[in-house]
Amino acid sequence: MLTVNNKSSAIHSHSPTSATVPYLAVPVNGVSTHALTLEDIWKRLIRQKWTLLLTALSILLLTAYITWTTPPTYRAGATIQIEKEGVQVVNFGTLNSAAPDMGEQDPFFRTQYEQLKSRKLATQVITDLDLKNRLFERPEPFSLLTSFKVIIKGLFSSLLPAKSEQAVEPKRLDYVADFSQRLYIEPIEKTHLVKVYYESPDPVLSADIVNALINAFIKDNISSQSETDTYAKEFLEQEMEKARQRLTLQEAKLIEYAKQNGILEVNNSQSGQERKLDELYSALGDAERARIQAESQMIQGRKRGNAREVINNPVLEGIKQNLSGLEAEYREKLKSFKPAFPEMVSLREHIDELRRQLNSETARITQSLQADDSSAKRADYLSAKKLEDDLRVQVEAYKGELVALRDSSIEYNALKREVETSRNLYDGLLQRMKEVSVASNVTSSNIRVVDAAAPDDNIFRPKKALNLILGGLVGLMLGVGAALLRETLSQSISSMTELQALSGLPVLGTIPHVRHLSESNLALATVRDAGSLLAESYRVMTANLRFVLPGGLAPRVTLITSVNPAEGKSTSAVNIAVSQAQQGLKVLLIDADLRRPSVHTKLGLPNARGLSNFLSGEVDIASVTHPSREAKGLYLITAGTLLSSDPVRMVSSPAMAQLLNLATKHFDSIIIDGPPTAGFADAIYLSSMAEATVIVADEDRINRKRLVTAIEQLRRVRQNVVGFLMVKSQEETIDYRYRDRYQTCMPSKSDAKAKGKGKRKGLNLSPAL
């Protein structure tokens with residue numbers, strides 16, 4: 001029976017139809033801004049643990065099967081030493097000089113390695129050891145790997161066009177290719193040693209193949225060297241015969257030319273003429289120097305003698321003294337008289353007369369001195385000049401003779417040089433022929449066997465331990481990849497952090513996953529097992545819901561909905577209502593899921609009259625409101641019996657809004673258990689009448705696209721979606737040791753036993769308070 005309570009709470013001052021401050025909304029577009037952490041990856045792997053384990057185990061088992069069914073193979077190896085030059089028995093006769101060692105990248109050694117793998121040697125070994133029957137055509141034991149190869153080969157042969165008999169290559173080419181695939185050449189770093197390995201199903205056959213290959217390689221090397229020596233001898237013999245004929249012909253030409261020109265020894269005659277010409281050139285140079293010296297002495301002596309006679313002449317000295325006295329007197333009188341003064345003019349005339357006398361006397365003395373020049377010096381000059389002219393005539397004559405001699409000896413010298421060149425070539429070829437003849441009789445190889453191959457009974461392939469380790473690692477990596485791929489494609493949400501980042505809404509509470517409890521015990525866990533982890537989780541949710549609105553206000557009307565059916569919204573609505581009633585609030589729980597009501601079933605109440613009957617106008621509100629027997633202050637309105645009518649029309653009718661307006665006047669909190677949002681419009685109408693909407697989400701059933709669509713639909717109507725309630729959560733939010741320390745009641749022995757079982761199953765059962 002509905003009773004009117006005039007008590008008004010200080011924190012409730014608004015009705016469901018009044019305007020409220022909208023809840024902070026973050027745009028929901030399906031793009032998460034949360035950075036993926038190792039914890040998120042670990043949770044995703046835990047969610048897909050069976051995919052990971054099955055993939056890893058399958059790969060490991062497949063690897064083990066292939067490893068144990070693959071026929072074993074054995075590898076034998078030998079060590080050889082390769083040098084650029086063989087043992088030098090003699091230090092001459094070498095046809096090619098060895099190039100400097102360039103290390104591992106030396107083209108010489110790389111050439112040797114390729115020669116070891118040549119088709120020529122492979123064909124020879126196959127023929128010598130009859131490997132066609134002993135190795136290539138022997139029946140192979142059955143294995144999964146060989147069966148797989150046969151299947152693949154059959155598929156390719158069926159897809160490719162058939163070849164004619166003429167187009168089929170000889171079988172030997174296939175043998176050579178197979179032989180090369182089993183052969184391994186491994187140079188040892190920083191040495192001239194090379195490891196040669198061969199792998200086959202028979203250890204003895206592997207050793208025989210390696211030894212036969214090395215012997216064939218050494219014989220081929222020696223044979224190549226012998227062929228080179230033989231070719232060199234033949235070539236030298238041919239060249240020697242040509243050189244001998246050429247030398248004989250050129251010597252005959254030289255002798256004939258000397259007879260025709262009367263030449264005994266051109267070089268000696270030419271050398272004598274050149275020495276004489278050099279002596280004449282030297283004498284001519286001396287004569288030129290003597291003539292130049294005499295001429296210079298004659299000219300210089302003449303100049304020095306004239307000047308001395310002129311300077312020391314007494315007549316000239318008297319005239320100079322008179323002239324100096326008159327000029328001094330003229331300058332002294334010029335201070336008193338002008339130049340035009342008669343006395344000054346007379347004095348000036350006297351001075352000019354003395355100057356003329358001085359010049360006339362100087363010229364007379366100079367002319368007389370030139371007439372008496374030194375005849376001895378002139379005679380020396382003329383003698384030196386005549387000697388020079390005679391020597392120059394002799395030089396020109398000898399030059400003509402030498403030029404004529406050179407002209408006649410050009411052809412002779414050319415013939416003589418050709419004879420000398422041919423003789424040197426013939427002598428060199430003869431010496432080389434002797435050396436090669438001696439060296440060709442000594443056979444040496446640049447290849448030496450260090451360690452011969454011996455049979456090895458240890459299985460080389462497959463390596464069972466290594467294959468299992470690699471198979472496990474590969475299987476683990478593929479399992480992780482498959483698990484992450486499946487988790488990505490599943491559109492699920494792996495953690496609460498990802499859920500909050502995706503929606504922009506907080507998680508108000510997390511309810512642990514509880515097994516082996518009936519629906520009634522789950523719905524009334526906060527009453528019947530008040531000390532359990534389940535009850536504590538719902539009380540945390542109730543506390544967060546009380547302060548969820550802006551300003552720390554509690555919503556008067558709260559809609560509890562979910563995205564999908566059967567996610568636990570009805571159970572959560574009952575527990576939240578009971579928790580609020582236990583806190584002293586007057587709470588009304590309305591079962592507004594007119595499509596599939598369950599509140600009356602969970603609480604064990606009759607459903608003869610309820611919300612649908614009130615909304616259809618059959619009964620009044622007081623007749624459908626019932627107090628709860630489980631908690632004081634809790635009242636219930638069940639769904640009713642008129643479920644065949646249109647649920648959307650009922651919950652969107654004015655009667656529903658009238659019911660909520662009337663309930664807010666008598667109750668502190670109204671909890672509406674609404675239908676899911678996926679595919680139904682009921683929750684949208686109910687959310688428009690509520691102050692807060694809480695979405696219950698099952699951690700194992702959250703779908704990214706459906707969740708985003710549901711939030712967008714609710715927000716288009718009213719911005720009152722305040723957060724999520726996560727149910728069946730795998731995360732442990734409360735430490736058992738911490739919770740046990742702060743329990744308000746001590747459990748009995750039977751309860752303690754039940755408590756231990758609850759811990760193992762994820763639920764701690766305690767006696768009700």
Side-chain angles (χ1 to χ4, degrees), residues 507-545 558-583 587-605 607 610-611 626 628-631 634-639 669-678 682-683 686 692-702 723-731 733 758 761-766 768:
V507 176
L508 302 177
T510 56
I511 309 303
H513 191 189
V514 180
R515 300 178 178 89
H516 307 297
L517 283 182
S518 62
E519 291 187 5
S520 60
N521 288 332
L522 283 175
L524 295 174
T526 52
V527 176
R528 297 180 181 179
D529 195 6
S532 66
L533 180 60
L534 184 64
E536 291 291 347
S537 300
Y538 276 115
R539 281 193 283 270
V540 172
M541 169 63 193
T542 303
N544 289 330
L545 184 62
T558 303
L559 172 65
I560 307 297
T561 185
S562 64
V563 177
N564 303 305
E567 287 196 79
K569 60 178 181 58
S570 299
T571 300
S572 299
V574 173
N575 281 285
I576 292 173
V578 171
S579 297
Q580 289 183 345
Q582 288 176 343
Q583 294 176 10
V587 183
L588 175 62
L589 174 61
I590 302 175
D591 188 357
D593 188 357
L594 302 182
R595 299 179 184 273
R596 191 179 178 184
S598 60
V599 172
H600 65 282
T601 303
K602 297 179 184 298
L603 298 179
L605 298 177
N607 193 28
L611 178 63
H626 308 283
S628 173
R629 296 189 303 268
E630 304 294 341
L634 175 62
Y635 294 83
L636 306 171
I637 297 179
T638 59
S669 176
I670 297 106
I671 304 297
I672 303 175
D673 177 19
T677 60
D682 313 23
L686 293 174
T693 299
V694 176
I695 299 176
V696 177
D698 187 346
E699 185 173 336
D700 296 331
R701 299 178 59 191
I702 299 178
F724 294 96
L725 173 62
M726 293 286 291
V727 298
K728 298 182 181 180
S729 175
Q730 302 295 333
E731 297 185 7
T733 56
K761 298 181 180 295
L763 175 64
N764 186 15
L765 300 177
S766 298

- Should the heavy atoms of other residues, nucleotides or ligands under 6.0 Å from CZ of Arg596 be counted, would the total exceed 12? no
- Note on the structure: For Ala535 and Thr526, the nearest pair of non-hydrogen atoms, with its separation, is CB-CA, 3.8 Å
- Query: CD1 of Ile672 to CG of Leu589: how many Å apart, nearest 0.5 Å?
  - Reply: 10.0 Å
- Query: So which heavy atom on Pro676 is nearest to which on Ala683, and how close?
  - Reply: O-CB, 4.3 Å
- Message: Please enumerate all residues that pass side-chain contact (heavy atoms from CB on, under 4.5 Å) together with Ala639, with sequence neighbours excluded.
- Response: Asp591, Leu594, Pro597, Leu643
- Please name the residue in the list Ser572, Ser579, Ser532 that meets the side chain to side chain donor-acceptor pair (under 3.5 Å) test with Tyr538. Ser572
- Query: Which pair of heavy atoms, one from Lys569 and one from Ile560, lies closest together, and at what distance?
  - Reply: O-CG2, 3.7 Å
- Message: For a quick test of reading the model, state the closest non-hydrogen atom pair linking Thr561 to Pro675 and the distance between them.
- Response: OG1-O, 2.7 Å
- Message: I need the minimum non-hydrogen distance between Lys602 and Thr571, along with the two atoms involved.
- Response: NZ-OG1, 3.2 Å
- Query: Do side-chain atoms of Ser562 reach the backbone of Ala697 as a donor and acceptor pair under 3.5 angstrom?
  - Reply: no
- Query: CD1 of Ile637 to CG of Leu611: how many Å apart, nearest 0.5 Å?
  - Reply: 6.5 Å
- Atom pair CG (Leu545) and OG1 (Thr558), whose distance is rounded to the nearest 0.5 Å: 4.5 Å
- So, are Arg528 and Glu630 salt-bridged, with charged N and O less than 4.0 Å apart? yes
- Item | Chi angles and distances behind the side chain to side chain contact (heavy atoms under 4.5 Å, CB included) call for Leu725, Leu508 | CA-CA 6 Å; Leu725 173 62; Leu508 302 177; 5.9 Å; no
